[in-house]
Amino acid sequence: MDADVRQVADGTYLVHGSHTNWVILTEGDAATLVDTGYPGDRRQLLDSLAAVGSSPEAVEAVLITHAHNDHLGSAEYLRAAHGTPVLLHEAEVPHARRDFLQQVSVGTILRNAWRPGVLPWTVHVLRSGGTERHPVAAPAPFPAPGALDLPGRPVPVHTPGHTDGHCVFHLPAAGVVISGDALVSGHAISRIEGPQLLPGLFHHDRARAAGSLDVIAGLDGDLLLPGHGPLHRGPVKGAAARARERAF
């Protein structure tokens with residue numbers, strides 16, 4: 001499957017992987033990569049960098065919204081093969097090392113196998129390496145509060161709940177919010193479309209995830225790049241409010 005690369009703003013690209021999105025931010029020859037898809041998405045990931053005129057060697061850092069396998073997939077590969085720093089919120093660093101795992105369990109998936117879409121999604125997870133272990137050997141926390149000195153000048157914003165250290169990335173100048181799994185616009189097992197929280201079984205702390213929607217609502221922007229689902233255009237505040245309405 002070819003990478004589905006879409007330019008959504010100057011130097012900003014949303015890439016749809018097999019079931020998960022990632023974002024490439026470019027500035028001249030340099031790039032920032034936000035998330036990396038499943039382990040099985042590696043060829044698509046590398047192809048997407050080439051499609052925007054970049055390469056693994058040009059990636060100055062990999063930023064991870066959260067350390068679930070469908071977002072962390074090739075982070076260690078890039079770190080080990082190219083020396084690329086892998087940066088996360090300080091609370092997510094031990095999660096990326098796999099000191100612990102805040103991810104939906106096999107038992108929970110089996111108990112929910114009757115739900116529409118769960119079985120096909122599970123097959124995809126298995127085929128894409130979603131149950132494999134790919135810890136990052138040397139993840140690092142963001143070096144300082146505020147905008148990172150990287151292409152796109154992304155600003156990490158802590159939005160816990162999906163995992164303890166989940167972060168979204170705000171691009172104030174472009175009016176963009178890269179929302180990871182804190183606010184999505186679709187999912188393989190969701191029966192609704194548009195701004196929403198992921199189904200409850202995926203959250204480490206669902207109530208806290210719902211509370212983080214208020215944090216996202218405070219970010220100025222009109223372009224939402226989610227971890228799952230299509231690009232959403234319109235005020236981010238309205239998208240967060242819509243997701244909160246649907247969460248209860």
Might you work through the side chain to side chain contact (heavy atoms under 4.5 Å, CB included) test for Ser179 and Phe169, ending with a clear yes or no?
CA-CA 7 Å; Ser179 58; Phe169 296 95; over 6 Å; no
Hey, any chance [X] and [Y] share a hydrophobic cluster, counting ILVMFWY side chains that come within less than 4.5 Å of each other, even indirectly?
{"X": "Val86", "Y": "Leu78", "answer": "yes"}
{"X": "Val15", "Y": "Leu231", "answer": "no"}
{"X": "Val136", "Y": "Leu150", "answer": "no"}
{"X": "Leu171", "Y": "Val177", "answer": "no"}
{"X": "Val8", "Y": "Val34", "answer": "yes"}

Does the pair Arg6/Asp4 count as a salt bridge with the N-to-O cut at 4.0 Å?
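The answer is yes: the pair qualifies as a salt bridge.
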Drop me the distance from [X]'s [atom1] to [Y]'s [atom2], to the nearest 0.5 angstrom.
{"X": "Arg206", "Y": "His204", "atom1": "CZ", "atom2": "NE2", "answer": "15.0 Å"}
{"X": "Asp41", "Y": "Ser48", "atom1": "CG", "atom2": "OG", "answer": "9.5 Å"}
{"X": "Ile178", "Y": "Leu183", "atom1": "CD1", "atom2": "CG", "answer": "13.0 Å"}
{"X": "Leu33", "Y": "Leu45", "atom1": "CG", "atom2": "CG", "answer": "5.5 Å"}
{"X": "Arg246", "Y": "Leu197", "atom1": "CZ", "atom2": "CG", "answer": "10.5 Å"}
{"X": "Trp22", "Y": "Tyr13", "atom1": "CH2", "atom2": "OH", "answer": "16.0 Å"}

Under 3.5 Å donor-acceptor, [X] side chain and [Y] backbone:
{"X": "Asp205", "Y": "Gly161", "answer": "no"}
{"X": "Thr32", "Y": "Pro151", "answer": "yes"}
{"X": "His19", "Y": "Asp70", "answer": "no"}
{"X": "Ser54", "Y": "Ala31", "answer": "no"}
{"X": "His89", "Y": "Ala91", "answer": "yes"}

Who else is in Trp121's hydrophobic cluster (ILVMFWY, side-chain heavy atoms under 4.5 Å, direct or via others)?
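Besides Trp121, the cluster holds Tyr38, Val104, Ile109, Val118, Val125, Val184, Ile189, Leu198, Leu201, Phe202.
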Who pairs with [X] by side chain to side chain contact (heavy atoms under 4.5 Å, CB included), at least two apart in sequence or on another chain?
{"X": "Arg42", "result": "Leu46, Ser74, Tyr77"}
{"X": "Asp99", "result": "Pro94, Arg97"}
{"X": "Pro235", "result": "none"}
{"X": "Ala113", "result": "Leu119"}

Evaluate whether atom CD of Glu193 has more than 12 neighbouring non-hydrogen atoms of other residues, nucleotides or ligands under 6.0 angstrom away.
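Check fails, neighbour count at 12 or below.
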Write out all pairs satisfying salt bridge (Lys or Arg N to Asp or Glu O under 4.0 Å) with one or both partners inside [range], taking only residues at least two apart or from two chains.
{"range": "residues 76-95", "result": "Glu76-Arg79"}
{"range": "residues 108-135", "result": "none"}
{"range": "residues 14-30", "result": "Glu27-Arg153"}
{"range": "residues 226-242", "result": "Arg242-Glu245"}

Output side-chain donor-acceptor pairs under 3.5 Å for residues 57-68, partner residues at least two apart or in another chain, one line each.
| from | atom 1 | to | atom 2 | distance (Å) |
| --- | --- | --- | --- | --- |
| Glu57 | OE1 | Ser55 | OG | 3.2 |
| Thr65 | OG1 | Asp35 | OD1 | 3.3 |
| Thr65 | OG1 | Asp35 | OD2 | 2.8 |
| His66 | NE2 | His68 | ND1 | 3.4 |
| His66 | NE2 | His162 | NE2 | 3.4 |
| His66 | NE2 | Asp181 | OD2 | 3.2 |
| His68 | ND1 | His162 | NE2 | 3.2 |
| His68 | NE2 | Gln102 | O | 2.5 |

Taking it one step at a time, do His134 and Leu72 satisfy side chain to side chain contact (heavy atoms under 4.5 Å, CB included)?
CA-CA 8 Å; His134 292 276; Leu72 195 68; 5.9 Å; no
Can you name the nearest heavy-atom pair linking [X] to [Y], along with the distance?
{"X": "Pro143", "Y": "Leu148", "result": "CD-CD2, 3.9 Å"}
{"X": "Pro141", "Y": "Leu87", "result": "O-CD2, 4.1 Å"}
{"X": "Gly11", "Y": "Gln7", "result": "N-NE2, 3.8 Å"}
{"X": "His232", "Y": "Pro195", "result": "CE1-CG, 3.6 Å"}
{"X": "Gln103", "Y": "Gly130", "result": "NE2-O, 3.9 Å"}
{"X": "Arg208", "Y": "Asp164", "result": "NH1-OD1, 3.7 Å"}

Just by distance, with hydrogens left out, do [X] and [Y] show a side-chain donor and acceptor under 3.5 Å apart?
{"X": "Gln196", "Y": "Ser190", "value": "yes"}
{"X": "Ser18", "Y": "His124", "value": "yes"}
{"X": "Thr159", "Y": "His166", "value": "yes"}

Could you go through residues 213-226 and list every donor-acceptor pair under 3.5 Å that involves a side-chain atom there, pairing it with any protein atom two or more places apart or in another chain?
| from | atom 1 | to | atom 2 | distance (Å) |
| --- | --- | --- | --- | --- |
| Asp214 | OD1 | Arg244 | NE | 3.2 |
| Asp214 | OD2 | Arg244 | NH2 | 3.3 |

So His170 and Val176, side chain to side chain contact (heavy atoms under 4.5 Å, CB included) or not? Walk me through it.
CA-CA 6 Å; His170 187 205; Val176 170; over 6 Å; no
Given the rule in the side chain to side chain contact (heavy atoms under 4.5 Å, CB included) test, do Asn69 and Thr131 qualify, once you have shown the distances and angles that lead to the verdict?
CA-CA 7 Å; Asn69 287 345; Thr131 59; 5.6 Å; no
Among all residues two or more places apart in sequence or in another chain, which pass the salt bridge (charged side-chain N to carboxylate O under 4.0 Å, His left out) test with Asp10?
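Residues passing salt bridge (charged side-chain N to carboxylate O under 4.0 Å, His left out) with Asp10: none at all.
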